[in-house]
Every structure is written in structure tokens, then in C-alpha cells.
*Asks:* 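Just passing along the structure, written as C-alpha cells.
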Amino acid sequence: MAGSDWTCSLSAMHEWESQDYEPSLPVSEKSNPLTRDIDRASAKCIVRMLQACDAQMFQEETGATYQRLLGERVVETVVEVAKRVQLVLKDPQDSLVVLSGCGTSGRMAFLITSAFNRALRELNQSSVYSYIIAGGDRALLSSQEAPEDDPKLGMLSLKKACEGKKRVLFIGISCGLSAPFVAGQLDFCLQHPEVYTPVLVGFNPAHQARDEPMPGCTFTFRSVVQRMQELAKSQKAFLINPAVGPEAISGSSRMKGGSATKILLEVVLSAAHAATFTNTPVTHKGILQHMRAYEKTLDKTYAQTDGITALLEAAGQSLLCGRRVCYMGWGSLALLGLIDASECIPTFGADYEDVRGFVSGGYKELNNNEGPLISLGPDFCIAHEDFLHLILPSLNDQDIVLLVYTHSDDVSEVAELARRVREKTSNLHAIYHRVDGDTAAAVQQEDFNKLCLSSLKITWPSPASESLLHMQWELSTKLLLNAVSTGAHVLKGKIYQNHMIDVQVTNSKLYCRATRLLRKLSGCPESQCEEALLKAIYEVDELTVGITSCDITTHTLTARNRSKVVPLALVCLLTGCSLVEAESRLEQQPIHHFHSPFLIRLSHCSYPPRRMTSVESPAPY
Ligand code: S6P
């Protein structure tokens with residue numbers, strides 16, 4: 001059992017690098033040995049495990065197997081790409097830098113392009129950055145997994161974004177080197193080298209890029225990568241793909257994948273800006289220094305173990321009671337709250353009401369391509385005013401409200417909101433970044449602290465650069481919120497070992513992940529697992545030729561309207577019962593759709609007892 005004295009040994013940090021460790025899986029899909037027992041760990045241990053996982057991002061290169069973030073080759077490529085961005089900045093006429101991705105990768109593309117276009121505006125320069133997210137702007141705030149599978153859609157959206165441009169630096173982000181949407185865009189760039197220079201950012205080695213055929217295409221992600229590798233020799237294409245180690249929750253690339261994307265691309269764009277506007281040449285040393293600043297950000301953030309643990313426990317309690325977690329943020333930190341909240345839906349099968357983010361200024365602050373999205377429904381109401389009207393009246397002490405802000409935000413506005421929230425719930429907490437020596441804010445903060453049950457304050461040294469400080473605040477906030485939402489769902493019992501079992505099967509990557517998980521947990525052959533999954537998706541006890549002859553796209557489109565397909569398939573595989581019976585067994589389970597103790601009973605104790613839910617025994621915190 002993972003007790004309160006969890007420590008991470010050096011060999012556990014590196015175990016995943018062994019060639020024998022889950023050899024059939026790419027790094028981004030492997031299960032991390034560090035978090036094997038995260039489902040039964042105490043809140044404090046969860047925080048330590050997440051810290052150790054994140055620290056893997058900055059591990060030094062040890063052998064030839066994996067390139068690492070701080071490794072020679074990666075830093076060299078970052079230097080080259082920064083110089084390409086610099087060329088665009090020097091001559092922005094008819095040029096564009098496009099960042100594109102699906103899910104979290106698209107959200108990071110949005111966040112980064114917004115920040116650097118803002119920096120250009122402040123310098124009275126025209127914007128040169130543009131983002132694309134699969135599924136359009138609604139995907140910034142909600143789960144849109146299906147467009148990820150469409151290479152043609154990717155290609156068309158790139159073409160549209162670049163209409164009339166003569167020179168485009170295209171940066172495609174796919175953490176797993178797997179998204180067909182991005183593969184379609186990269187292929188398009190390779191076909192039009194006179195305009196496009198492609199850059200791929202991801203976190204698997206090239207030979208682990210996905211090799212499955214894609215609908216209507218003659219290429220696979222891997223074949224695109226191979227063509228890029230060839231062109232990389234003459235710097236006509238670039239690959240930035242260090243390994244950062246498996247995710248804490250298997251395949252959850254919103255965590256390290258998202259963080260490493262943010263780090264890499266901010267380093268690239270910052271270096272290009274410094275070279276263009278302050279005559280600071282792009283150098284290997286400068287790039288490395290910036291990356292090290294992010295490593296320090298990690299240390300500084302996780303130095304707050306007790307504060308993070310308190311937040312995680314409070315959020316876990318709220319979710320266990322079926323109540324809400326609300327992030328109330330200011331500036332770009334609020335966007336990280338919106339993003340973290342939206343990712344809980346596909347990652348943990350959460351309801352959109354469970355974890356929500358709100359931003360001061362609403363869509364004005366977001367400044368997204370498509371403008372306000374309020375017409376899409378209440379889950380797209382993101383302003384603080386919306387929170388005050390729609391959410392606040394129904395809050396009670398079991399709901400947790402987390403204020404996320406910095407000393408450069410309007411602290412009196414934060415205090416005013418805090419007072420309003422306190423009228424409904426005492427379960428008010430804060431994450432606050434400030435700069436060393438800011439005494440005025442410190443005094444104000446003292447009064448404010450009295451309103452909050454807990455206050456996680458991080459004091460940063462006076463910065464050499466305001467923009468670097470801001471990027472550090474953002475990364476720190478991302479790590480904190482990822483830890484809170486992941487930890488809270490772990491405490492809720494949503495995770496088995498380090499796998500999310502109730503995974504939504506809404507695209508081909510998730511379909512393959514689901515089949516693999518069924519295989520791992522049932523021990524049945526792959527063909528039988530896929531059959532069980534299809535039966536659950538189509539709600540039948542016998543598969544017809546009509547079903548088996550359909551392609552994965554049809555399966556995933558059908559699965560969109562189903563719930564609990566993986567747990568249902570697992571019950572069927574383990575017990576041999578019918579779907580109807582499996583459904584009633586799952587319904588008998590209190591509180592959660594599915595949780596580990598149920599799995600133990602089903603499999604006749606073939607698994608060790610794991611976290612018990614609040615109904616079966618007190619949670620271990
Ligand atoms: C992962 C997140 C997903 C991914 C998306 C893109 O935690 O829920 O939405 O971001 O599938 O993945 P990738 O590998 O192309 O960056």
C-alpha cells in the first residue's frame with residue numbers, strides 16, 4: 001500500500017526507459033511505474049507522485065534511446081526553429097506562424113498564440129501568430145474528440161487559416177505523434193514546400209509515431225514523420241520530440257504533454273522575440289537557461305506540498321459529495337482554470353458541472369477567433385457575472401471555490417468576489433502569486449487571508465523579465481490545477497491503478513486505448529476484448545456482420561451517445577454475463593459509475609484491495 005511515506009527511488013524514476021518496459025506502447029501511452037498505486041495513495045502521496053512524474057520532464061539524457069528536453073539535439077532544433085520565427089517577425093508581411101493541435105494541444109496553441117500576439121501588440125507590431133484547434137473554438141472549453149480523427153479537416157482548416165500567405169511556419173502539436181488531424185496538416189505542408197515549413201512537436205521518439213491507416217489517406221502519422229526526418233537533414237522540416245516520461249494517469253497528455261508543449265513553444269517564441277526586438281541573438285545557452293527557469297518553476301510550485309495537499313483534499317471531498325469545484329480566475333491564469341476544468345470531462349468522465357472555470361472579463365479576456373460562444377449553452381457561460389447569477393445562489397459549504405490570481409490583478413476585485421462567495425460557502429481557497437518585496441500587497445493579503453480556509457501563496461524573486469515571470473506563473477498554475485483536479489478525481493475513486501477505466505471511446509486513439517485496457521484488466525485475448533467493447537457500444541449481446549464491417553469512425557460516433565461502455569464490457573468479460581445484467585450490476589454500485597472495489601469483487605480477488613469509497617469504508621484521508 002502506498003503509505004504516507006511514499007518516496008521515489010532513482011530506479012523507479014527511470015524504469016520506463018528500459019526497452020522491456022511495456023515494449024508495445026509508445027512512451028505517451030505507457031503506464032508510469034511511479035503512479036502504479038496512485039489510486040490508493042493518501043492526498044499527500046498523490047502530490048509527491050505528481051511531483052516526481054513532472055520532474056521526469058527535466059531528467060538528463062542517459063542513453064541513446066530517448067532524446068530529452070534538455071538534451072543537445074532538442075536544444076539545437078529549438079534554436080533553429082526560433083531563428084525561423086525570427087525571420088517571420090523581421091518580415092511579417094504575407095507571413096504567418098500557425099500553431100495547431102487537438103484537445104489540450106490545441107488549447108496550448110491558443111494560449112501561446114494569444115500571449116505572443118499580445119506581446120507584439122504592446123510593441124506596436126502586427127500579429128503573426130494564429131492557432132487552430134480541431135473542432136473549432138468550442139473545443140477550447142469542451143471535449144470535441146472526434147475531429148481529431150479527420151486528416152482532411154486538418155488540412156482544410158490550415159489552408160483556410162493561411163489564405164493569401166506566402167510564407168508559413170507551421171507548428172503541429174501532437175503529444176503522442178498520433179492525431180490524424182495534425183498528420184493531414186503536416187502532409188499538406190510537405191506537399192507545398194514553397195510556402196510551408198513544417199515543425200512537429202510531440203513527446204514520443206519518431207519510430208513510435210502512430211502507424212495505423214487513416215480514412216481516405218495513403219499516409220500514416222509515422223510515414224509523415226519519416227518524410228519529415230529526411231527533410232530535417234536539410235532543415236526544410238523540424239522535429240522537436242523529446243521524451244518526458246509516461247503520464248501520471250496513463251495517456252493523459254493534458255498533464256506533462258501540455259506542460260512540455262507550453263515550455264518548448266514559449267522558449268522558441270521568447271527567443272525569437274528577444275532576437276528581433278532587443279538584439280539578443282538566439283543561442284544554445286539562452287535556450288537552456290530559459291528551460292532551466294521552468295525547472296525551477298516546478299521546484300517552487302511543488303515546495304508547497306502541504307498547501308496543494310489541502311486543496312486536493314478539499315476538492316476531493318466536494319466531488320465525493322457530488323458537489324462542485326469552481327475556479328475563479330483573473331487574466332491568463334483564469335484561462336488555465338477554464339482549460340483544466342474542461343479536460344475533466346473526457347479525462348474522468350466528469351459532468352460539466354463538477355469542475356468549472358470562470359474568467360474575469362469573460363470572452364473579452366479570452367479574445368478567441370470565433371468570439372463569444374454563449375449561444376452554445378450554459379456550459380459556455382464563463383464570466384464571473386455568469387457564476388454570480390447561475391452558480392452562486394445554489395452553493396453551500398460542500399462546494400469548493402478556488403480563487404486564482406496574481407499581485408498584478410485587481411486585488412480589491414478579488415476581495416469583493418471573495419466576500420460574495422463567503423456569504424454562501426466557507427469553503428473558499430486561494431492560489432496567489434506575488435513578487436518578493438511587494439509589501440503593499442502583502443498587507444492587503446493579510447485581511448484577505450481571513451476570508452479563505454486555505455491560501456497557497458507563492459512568492460517569486462523580483463524578475464529580470466516580466467514576461468518570463470508571467471510564463472512561470474502560468475506553468476505553476478497549470479501544475480497546481482492539474483494536481484487538484486487529477487488528485488480530487490483519484491480520491492473520488494475514478495482511477496484504477498493509474499488508469500481511467502470509464503474512458504470515453506470517442507475517437508480512434510481512445511478506442512485502441514479502451515481495447516488495450518480491457519485486455520490488461522480481463523486477461524482475455526484482444527479479439528475478445530474488442531468484441532465485448534463493440535457489444536457495449538452497440539448495446540447487443542451478439543455482433544452482426546453489419547456491425548463488424550463498420551469502421552472505427554462509425555464505432556466511435558455510435559459510442560458518443562453511450563455511457564460506461566468500457567466498464568460494461570469489462571463486467572461482461574469478467575463474468576460472462578449479458579449486457580443487461582452487467583448494467584444492473586453497475587447500477588447497484590453507489591456513488592460512482594464504476595470503482596475499483598467493484599472490480600475486485602468481479603474478478604474474485606485477482607487484484608489487491610484498493611481505495612474504498614466513502615460508502616464502503618472511510619476514505620484514507
Ligand atoms: C489528453 C486530452 C486529449 C488530447 C488530444 C490530443 O489528456 O484529453 O484531448 O489532448 O487527444 O492528443 P495529442 O497526442 O495529439 O496531443
Side-chain angles (χ1 to χ4, degrees), residues 25-30 32 50 53 99-112 131-136 138-151 153-154 171-186 200-205 208-210 212 214 220-222 224-225 240-244 246-262 264-265 338-350 355 478 481-482 485-486 489 494-495 498-500 502-514 556:
L25 296 180
V27 179
S28 60
E29 290 287 327
K30 289 184 200 289
N32 198 318
L50 296 178
C53 276
L99 274 62
S100 173
C102 313
T104 306
S105 298
R107 294 177 196 123
M108 289 302 124
F110 164 70
L111 203 70
I112 297 162
Y131 71 89
I132 298 174
I133 180 164
R138 64 169 64 207
L140 293 172
L141 306 172
S142 67
S143 158
Q144 306 289 328
E145 309 293 336
E148 179 170 331
D149 275 345
D150 195 338
L153 186 65
I171 305 183
I173 312 159
S174 179
C175 298
L177 304 192
S178 68
F181 184 89
V182 175
Q185 297 176 321
L186 291 169
L200 170 59
V201 173
F203 304 101
N204 283 323
Q208 290 181 358
R210 195 166 160 194
E212 271 155 54
M214 299 182 287
T220 66
F221 206 111
R222 191 177 301 171
V224 171
V225 170
I240 310 181
N241 59 325
V244 290
E247 297 289 354
I249 304 301
S250 309
S252 183
S253 56
R254 77 185 194 111
M255 303 184 78
K256 279 195 279 191
S259 302
T261 299
K262 188 165 153 52
L264 275 170
L265 293 178
L338 288 175
I339 290 173
D340 184 87
S342 71
E343 289 167 347
C344 291
I345 302 165
T347 311
F348 306 109
V355 184
K478 178 179 182 296
L481 297 183
N482 285 170
S485 59
T486 302
H489 280 98
K494 282 289 189 177
I495 299 298
N498 50 15
H499 298 286
M500 172 59 197
D502 195 2
V503 58
Q504 293 184 341
V505 191
T506 41
N507 65 32
S508 59
K509 175 174 78 174
L510 298 170
Y511 182 90
C512 296
R513 191 183 293 164
T556 53

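It should be emphasised that the depicted structure is a prediction, and the values quoted were computed from it without experimental measurement. Each ligand, and each atom within it, is numbered from 1 in the order the structure gives. When reading the values below, keep in mind they use all heavy atoms of this one structure, side chains included, and skip hydrogens, waters and symmetry mates.
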*Asks:* Are V182 and I173 side-chain neighbours, meaning at least one heavy-atom pair lies under 4.5 Å?
*Replies:* no

*Asks:* Under 3.5 Å, is there a donor-acceptor pair between the S250 and K30 side chains?
*Replies:* no

*Asks:* Hey, is K509 close enough to D149 for a salt bridge, meaning N to O under 4.0 Å?
*Replies:* no

*Asks:* Determine whether N204 and S28 satisfy the following criterion, side-chain hydrogen bond (donor to acceptor under 3.5 Å, both in side chains), listing intermediate values before the conclusion.
*Replies:* CA-CA 6 Å; N204 283 323; S28 60; 2.8 Å; yes

*Asks:* Can you list, by chain and residue number, every protein residue with a non-hydrogen atom closer than 4.0 Å to ligand 1?
*Replies:* C102, G103, T104, S105, E145, E148, S174, C175, G176, S178, A179, S252, S253, R254, K509

*Asks:* So that I can tick it off, tell me whether E343 and R254 are bridged by a salt bridge, with the cut-off set at under 4.0 angstrom between side-chain N and carboxylate O.
*Replies:* yes

*Asks:* Angle class for the F348/H489 ring planes (parallel below 30°, perpendicular above 60°, tilted otherwise)?
*Replies:* parallel

